[in-house]
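Here is the structure we will look at.
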Amino acid sequence: MEFKKLFTGKKGIIFGVANEKSIAWTIAKRLHEEGAYTVISYQNEYFKKKMQGEIEKKRERVGEVICDFSDESQIERLRGEVLKYIENIDFLVHSLAFAPRQEFQNRFLDTTLEGYLLSQKISVYSLLTLVQKLEQDLNNGCSILTLTFLGSEKVVPGYKIMGPVKASLESCLRYLAYDLGERGIRINAISAGPILTSAAKWIPDFQKMLEHHQKTSPLKRNITLEEVANTALFLLSDLASGITGEIIHVDCGYHILSP
Ligand code: NAD
């Protein structure tokens, strides 16, 4: 007897694929293995081109769109581009963030207004934008997922500007969960432990953070991309039908420790 895969017949869109190490790509791969049709969204043509080898292997169940959330004209075109591939959306993954590099070089106290507003716009308002633009295309019962980090709750010194930005993302998630709940649409976040991806490389002392997590977390190791993707699969699936507005830590238990 063959068991039905978890996402057979389901369609959705995943924002934030830059390369094979992206959390978004690992989630896309797992969704694909479980039978989903996925539209992959890249920030630009360069990332799209870099992923073509991998995409070709899955071509019959993958669509591709480009959207840079700093470009209003691309945001305006987004819905039309998505509708070329899917009309009804069962799941949406928002796995993107940005803060200007120089904001990590100074103290948090020296954060510029320009850097702060841009980080909020790309890392937080993009989620709101997506839900606004695609609201009418989300199926009742659709599941939305975003990615956050412990630096929103506690001071993680190198995380700087991204701490308040992720705190804002988490609050937006709760308000969105409230507004979307009446249609049975759920929205949750994974608070992932540190993983060396291209976004993480810009955070000062990231290697030290990895070593510290490995030594001190209850599971005495770092989290893997696959473990984050497996939790994503659960939250995006009907197995999590009673969960919304939630932030699940996937960090080998690190968040339970006192500093
Ligand atoms: P990544 O670099 O692979 O992904 C970041 C993505 O953001 C990239 O695809 C990039 O193109 C996209 N992006 C940046 N600016 C954009 C813009 N203007 N328009 C559209 N897209 C834009 O790194 P990742 O670690 O996979 O990050 C994914 C998410 O996971 C982020 O929200 C990050 O904060 C979060 N996260 C990462 C870690 C970690 O340790 N890597 C831990 C917890 C949470």
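Note that the coordinates shown come from a computational prediction; the quantities given were computed from them, not determined experimentally. Computed from heavy atoms alone, side chains included, the values below leave out hydrogens, waters and symmetry copies. Both ligands and their constituent atoms are indexed starting at 1 by order of listing.
- Closest heavy-atom approach to atom 15 (N) of ligand 1 within the set Met162, Lys21, Gln43: this belongs to Gln43.
- Ring geometry for His249 against His255 counts as parallel: the plane angle stays under 30°, on a 0 to 90° scale with 60° as the upper cut.
- Only side-chain heavy atoms of Phe47 come within less than 4.0 Å of ligand 1; its backbone N, CA, C and O stay farther off.
- Salt-bridge formation is detected for the pair Glu227/Arg221: a Lys NZ or Arg NE/NH1/NH2 atom is positioned less than 4.0 Å from an Asp or Glu carboxylate oxygen.
- Not a single N or O atom of Phe98, backbone or side chain, sits closer than 3.5 Å to an N or O atom of ligand 1.
- Taking the centre of each ring, Phe91 and Phe7 come in below the 6.0 Å mark.
- For atom 41 (N) of ligand 1, the closest heavy atom belonging to the protein is Ile195 O, 2.9 Å.
- Which of Gly151, Cys67, Ser191 comes nearest to atom 20 (C) of ligand 1 through a heavy atom is settled by distance: it is Cys67.
- Below 3.5 Å of separation, one finds an N or O of Asp68 facing an N or O of ligand 1.
- Ligand 1 has no nitrogen or oxygen under 3.5 angstrom from a nitrogen or oxygen of Thr148.
- In this structure, of Ser95, Ser70, Ser152, Gly16, the residue bringing a heavy atom nearest to atom 29 (C) of ligand 1 is Ser95.
- Heavy atoms of Phe206 found under 4.0 angstrom from ligand 1 belong exclusively to the side chain.
- Under 3.5 Å, the side chains of Ser126 and His94 contain a donor-acceptor pair of N or O atoms.
- Nearest to atom 12 (C) of ligand 1 by heavy-atom distance, out of Thr26, Val93, Leu96, is Leu96.
- Counting only N and O atoms by type, the side chains of Glu103 and Thr112 include a donor and acceptor under 3.5 Å apart.
- Between His212 and Tyr254, the distance from one ring center to the other falls under 6.0 angstrom.
- No hydrogens or angles considered: a donor-acceptor pair under 3.5 Å links the side chains of Glu64 and Tyr42.
- Using a 4.0 Å cut-off between heavy atoms, Thr146 makes no contact with ligand 1 at all.
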